[in-house]
Engineer: 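Encoded as structure tokens, here's the structure I'll be asking about.
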Amino acid sequence: MKKKNKNKKKGSEYMAEEKTEEKIEVPEEETKETETSQVVEEVTAEEVETEDPKDAKIAELEAKIKEMEETISKMKDDELRRMADTENYKKRLRTEKENAVKYANESLISDLLEPLDNFTRAIESASQSQDFEAMKTGVVMVNDQLLQRLKTNWGLEMINSAVGTPFDPNTMEAYGVQEKEGITEEEVGMECNKGWLLHGKVLRTAKVFVAKPKK
């Protein structure tokens with residue numbers, strides 16, 4: 001029995017020696033690098049874990065504020081451009097309206113230039129020849145030309161208010177009334193100013209004295 005125990009003891013010592021021989025020695029530098037890497041990883045992980053969520057929220061809000069400021073700035077620019085376009089459009093309309101009023105009678109005046117030239121020629125001719133009968137004929141001719149052009153091109157027509165014409169209160173204005181024998185209804189006794197129609201509408205009433213039947 002004692003012998004057997006000795007053998008067991010020897011076997012245990014042998015195995016212990018084997019284990020000692022199997023140990024691998026790690027270089028000191030590699031050990032330090034590994035420890036340093038582990039420390040960095042632990043610190044980084046700790047920083048991530050300890051990051052304040054308020055900072056992230058503030059950053060998010062700042063980004064939104066910046067985006068809104070850019071949007072507002074763009075809207076302001078668009079509104080300023082729109083206002084400038086509107087103002088320019090109004091100015092253009094005002095200018096066009098002023099020109100329309102200023103030159104509204106351009107065509108009419110152009111139509112009157114030729115009769116005016118003829119009036120000038122008639123006056124100059126009469127002044128040189130001293131023939132006033134010829135001047136009268138020229139003036140009558142120009143007057144007829146003028147009236148015809150105004151009627152044809154512009155719808156201007158003279159109201160007939162010659163003496164003896166029935167009095168029409170729609171187109172005539174009575175300056176006074178006189179009794180007259182031999183008539184059965186009111187009529188024009190004397191024409192003071194001629195009246196005019198423009199496209200059938202009274203432009204100016206004729207001014208007359210009215211003759212009425214004598215009682």
Engineer: Just verifying a value: how many Å separate Asn193 CG and Glu191 CD, rounded to the nearest 0.5 Å?
Structural biologist: 8.0 Å

Engineer: Quick one: pull up CZ in Phe119 and CD in Glu124 and give me the separation to the nearest 0.5 Å.
Structural biologist: 14.0 Å

Engineer: Could you please spell out the steps behind the salt bridge (charged side-chain N to carboxylate O under 4.0 Å, His left out) verdict for Glu67 and Lys64?
Structural biologist: CA-CA 5 Å; Glu67 182 180 352; Lys64 287 184 178 179; over 6 Å; no

Engineer: Are there more than 12 heavy atoms of other residues, nucleotides or ligands under 6.0 Å from atom NZ of Lys212?
Structural biologist: no

Engineer: Taking salt bridge (charged side-chain N to carboxylate O under 4.0 Å, His left out) as the test, write out the residues that go with Glu114, two or more places apart.
Structural biologist: Arg149

Engineer: Any chance you could measure Lys194, atom NZ, to Asn160, atom CG, to the nearest 0.5 Å?
Structural biologist: 8.0 Å

Engineer: Listed by chain and number, what are the side-chain hydrogen bond (donor to acceptor under 3.5 Å, both in side chains) partners of Arg81, not counting sequence neighbours?
Structural biologist: Asp78

Engineer: Sequence neighbours excluded, which residues qualify as salt bridge (charged side-chain N to carboxylate O under 4.0 Å, His left out) partners of Glu157?
Structural biologist: none

Engineer: Taking all non-hydrogen atoms of both residues into account, name the closest pair between Glu179 and Pro213 and its distance.
Structural biologist: CG-O, 4.5 Å

Engineer: With rounding to the nearest 0.5 Å, note down the distance linking CG in Asn118 to CD1 in Ile123.
Structural biologist: 11.0 Å

Engineer: Indicate the atoms forming the closest heavy-atom contact of Thr165 with Ala162, along with that distance.
Structural biologist: OG1-O, 2.8 Å

Engineer: To the nearest 0.5 Å, how far apart are CE in Met158 and CZ in Arg204?
Structural biologist: 9.5 Å

Engineer: The test is side chain to side chain contact (heavy atoms under 4.5 Å, CB included); show your working for Met141 and Thr137 and say whether it passes.
Structural biologist: CA-CA 6 Å; Met141 181 186 69; Thr137 302; 5.7 Å; no

Engineer: So, taking the atom named OG in Ser125 and the one named CD in Gln130, what distance separates them when rounded to the nearest 0.5 Å?
Structural biologist: 10.5 Å

Engineer: Among residues at least two apart in sequence or on other chains, which ones pass salt bridge (charged side-chain N to carboxylate O under 4.0 Å, His left out) with Glu181?
Structural biologist: Lys214

Engineer: When clusters are formed from ILVMFWY side-chain contacts under 4.5 Å, directly or step by step, what else is grouped with Leu197?
Structural biologist: Ile159, Val202

Engineer: By the rule that ILVMFWY residues connect when side-chain heavy atoms come within less than 4.5 angstrom, directly or transitively, which residues belong alongside Met190?
Structural biologist: Tyr175, Phe209

Engineer: Are Leu112 and Leu203 in one and the same hydrophobic cluster, where Ile, Leu, Val, Met, Phe, Trp and Tyr link if side-chain heavy atoms are under 4.5 Å apart?
Structural biologist: yes

Engineer: Connecting only ILVMFWY residues whose side-chain heavy atoms lie within less than 4.5 Å of each other, what is the rest of Met172's hydrophobic cluster?
Structural biologist: Phe167, Val177, Val188, Val208, Val210

Engineer: Would you give me the side-chain donor-acceptor pairs under 3.5 Å for residues 89-104, sequence neighbours excluded?
Structural biologist:
from, atom 1, to, atom 2, distance (Å)
Thr95, OG1, Lys91, O, 2.9
Asn99, ND2, Thr95, O, 3.3

Engineer: How far apart are the C-alpha atoms of Leu146 and Leu150, what are their side-chain angles, what is the distance that settles it, and do they pass the side chain to side chain contact (heavy atoms under 4.5 Å, CB included) test?
Structural biologist: CA-CA 6 Å; Leu146 179 60; Leu150 288 173; 4.1 Å; yes

Engineer: Is there a path from Ile183 to Val163 through hydrophobic residues (I, L, V, M, F, W, Y) whose side chains come within less than 4.5 Å of each other?
Structural biologist: no

Engineer: Partners of Asn143 by side-chain contact (heavy atoms from CB on, under 4.5 Å), sequence neighbours excluded?
Structural biologist: Leu147

Engineer: Considering residues at least two apart in sequence or located in another chain, which fulfil the salt bridge (charged side-chain N to carboxylate O under 4.0 Å, His left out) criterion with Lys151?
Structural biologist: none

Engineer: By the salt bridge (Lys or Arg N to Asp or Glu O under 4.0 Å) test, which pairs, at least two apart or in different chains, include something from residues 125-142?
Structural biologist: none

Engineer: Would you please name every residue forming a side-chain hydrogen bond (donor to acceptor under 3.5 Å, both in side chains) with Gln148, sequence neighbours left out?
Structural biologist: Thr152

Engineer: Just so I know, are the side chains of Asp144 and Val140 near enough to count as touching, which here means a heavy-atom distance under 4.5 Å?
Structural biologist: yes

